[in-house]
Amino acid sequence: MRDSRQAADRLMGWYDAHARDLPWRVPPGAAARPDPYRVWLSEVMLQQTTVAAVREYFHRFTRIWPDVHALAAAEDPDVMAAWAGLGYYARARNLLACARVVSRDLDGTFPDTEDGLRALPGIGPYTAAAIAAIAFDRPAVVVDGNVERVMARLFAIRTPLPAAKPAIRDAAAALTPERRPGDHAQAVMDLGATICTAKSPSCLLCPLKPDCAGHAAGIAATLPAKAPKKAKPTRRGYVYLARRGSDWLTERRPDKGLLGGMAAFPTSDWSEAPAEAPPFDAPWRDAGEVRHTFTHFHLILTVRVAEATGNPDRGQWTPLDPAALPTLFRKAHALAVT
DNA sequence: GAGCCGTGGGA
DNA sequence: TTCCCAAGGCT
């Protein structure tokens, strides 16, 4: 890549014509800045999550909690329930913690600098830079998965990730303009999401084709190189669905760890050879198995169902809204009621 | 630095 | 079916 300035200009021209219309965005070149609350909320939701998955959640959250004060005043279980199904539940816990800091300590105003943003719960280097650029038009160097892919190709960086991160950041910094840095950041993301995709990129449609060293070398689609992944082990366990009239026995999982803070059915341990651990003695009926894959292991749960016949040693009887459960337990519930 | 932490869709 | 991956953060 020879002329970063020319490439950045080409990219901006492409963005002006092809920017995606997203609920948390203002159009390219708009005089008005987007609402920092909506930018922050969207960026947290979009961490490792597709736009398609986020849309509906974003609309629901902004409808129920239209500003940071409203979200800060929400009850924890209501926010966790609204996040259910989106995954990475630490994000929801940090979201609420962040909203409360901004509402209580910062008078509802988000910091407009990377350092100020970075100090808040759930806001790391990427999200701080993204909010600074998009909401406040600061010339922050935004580096996410899209940027890593685009830069690795544009500059033909063959070093595998994560070792290539410093070089990628330097490349991203060289491309970041003083003018319209917010639109630039979103332009790179849109390019990565629609043209410079991970698999079979559309190089023929790419505005940066004339600048792209990876394309010139015929290796664009193979970049960025990544270290091989480890195989996922399979764990097994039991989940207990107990009904008492219209109520089900549920519990709240501890904040630390998998599905932390979420409503759940009681389970055994999850391991290679799990031990049965029913919450009370009953003639538990076998309703089948649910399979679910987490980030680092596969899980097969045997679903056991019973009518309440005793006093449970954990959890509480509650009218159940399956939509408030993480997907794993939604699957178990669906199996139990068929 | 590396492991942990969800989910659904596409190849 | 299996694998990869999508706007990362925290420890």
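Note that the structure is a prediction, hence the values are computed from the model and not measured. Atom set for the values below is all heavy atoms of this structure, side chains included, hydrogens, waters and symmetry mates excluded. Proteins come first, then strands; the chains are lettered A, B, ... in the order of their sequence lines, and each starts at number 1.
When only modelled atom types and interatomic distance are considered, A:K232 and A:H296 share no side-chain donor-acceptor pair under 3.5 Å. Defined by atom type and a distance below 3.5 Å, a donor-acceptor pair is present between the side-chain atoms of A:S271 and A:D269. In summary, the side chains of A:T49 and A:R91 do present a donor paired with an acceptor at a separation below 3.5 Å, with no hydrogens or angles considered. One side chain, A:Q186 or A:R25, offers a donor N or O that lies under 3.5 Å from an acceptor on the other. Side-chain contact, A:Y126 with A:Q47: no donor N or O sits under 3.5 Å from an acceptor N or O.
For CD of A:E276, the number of neighbouring non-hydrogen atoms (other residues, nucleotides, ligands) closer than 6.0 Å is greater than 12. When the shell of 6.0 Å around CZ of A:R20 is examined, it contains more than 12 heavy atoms from other residues, nucleotides or ligands. Counting non-hydrogen atoms of neighbouring residues, nucleotides and ligands closer than 6.0 angstrom, the CZ atom of A:R330 exceeds 12 such neighbours.
Within 4.0 Å (heavy atoms only), A:L22 reaches at least one base atom of the nucleic acid. Using a 4.0 Å heavy-atom distance criterion, A:R330 is classed as making no nucleic acid contact. At a threshold of 4.0 angstrom between heavy atoms, the contacts of A:T327 are confined to the sugar-phosphate backbone, with no base atom among them. Within 4.0 Å (heavy atoms only), A:L86 reaches at least one base atom of the nucleic acid. Within 4.0 Å of A:G85, counting heavy atoms only, lie sugar-phosphate atoms of the nucleic acid but no base atom. Among the atoms of the strands shown, none is found under 4.0 Å from any heavy atom of A:W83.
C:dG9 sits 22 Å from B:dG8 when the P atoms are compared, rounded to a whole Å. On the P atoms, C:dC4 is 16 Å away from B:dG3, given to the nearest whole Å. Between the P atoms of B:dC5 and C:dA6, the separation comes to 22 Å (whole Å).
The listed nucleotides are C:dC5, B:dG6, C:dA6; the one nearest the side chain of A:K229 is C:dC5. Side-chain proximity of A:K199 to C:dC10, C:dC4, B:dT7: nearest is C:dC4. Considering only the side chain of A:D144, C:dG8 comes nearest among B:dC5, B:dT7, C:dG8. Taking the side chain of A:L258 as heavy atoms from C-beta on, and the options B:dC5, C:dA6, B:dT7, the nearest nucleotide is B:dC5. Of the candidates C:dC10, B:dG6, C:dG9, B:dG6 carries the atom nearest the A:L259 side chain, counting heavy atoms from C-beta on. Nearest nucleotide to the side chain of A:Y88, out of B:dT7, B:dC5, B:dA11: B:dC5. Of the candidate nucleotides C:dC10, B:dC5, B:dT7, C:dC10 has the atom nearest to the side chain of A:N94.
Following rounding to the nearest Å, A:K232 (NZ) and B:dG3 (P) show an atom-to-atom distance of 13 Å. Rounded to an integer number of Å, the gap from CD of A:E114 to P of C:dG9 is 11 Å. The interatomic distance linking A:F294 (CZ) with C:dC5 (C1') rounds to 18 Å, in whole Å. Across the protein-nucleic acid pair, A:R253 atom CZ and B:dC4 atom P stand 16 Å apart, rounded to whole Å. Protein atom NZ of A:K226 is 15 Å distant from nucleotide atom P of B:dA2, rounded to whole Å. In this structure, the CG atom of A:L328 is 11 Å from the P atom of B:dG8, given to the nearest Å. The distance between atom CG of A:L95 and atom P of C:dC10, rounded to the nearest whole Å, is 12 Å. The nearest whole Å value for the distance from the NZ atom in A:K165 to the C1' atom in B:dG1 is 11 Å.
When the nearest nucleotides of DNA chain B are assigned to A:S200 and A:A163 by heavy-atom distance, the more 5′-ward of the two goes with A:A163. Each of A:W24 and A:G122 lies near DNA chain C, and the nucleotide nearest A:W24 is the one positioned closer to the 5' end.
Within the 4.0 Å cut-off from OP1 or OP2 of C:dA6, at least one side-chain nitrogen or oxygen of A:R149 is found. Checking the phosphate oxygens (OP1, OP2) of B:dG3, no side-chain nitrogen or oxygen of A:H296 falls inside 4.0 Å. Between A:H292 and B:dT7 there is a side-chain polar atom (N or O) within less than 4.0 angstrom of OP1 or OP2.
Proximity of residues 126-140 of chain A to DNA chain C (heavy atom under 4.0 angstrom from any strand atom) is restricted to A:Y126, A:T127. For the segment residues 32-60 of chain A, residues with any heavy atom less than 4.0 angstrom from an atom of DNA chain C are, sorted by number, A:E43, A:L46, A:Q47, A:Q48, A:T50, A:V51.
Remark: A:R304 is not positioned above the aromatic ring of A:Y240, lacking an NZ or CZ atom under 6.0 angstrom from the ring centre and at most 45 degrees off the axis.
The shortest distance between side-chain heavy atoms of A:I134 and A:W24 does not fall below 4.5 Å. The shortest side-chain heavy-atom distance between A:F155 and A:S4 falls under the 4.5 Å cut-off.
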task = Show your reasoning for whether ring-ring contact (aromatic ring centres under 6.0 Å, His included) applies to A:F58 and A:F61.
result = CA-CA 5 Å; A:F58 181 82; A:F61 268 71; 9.0 Å; no
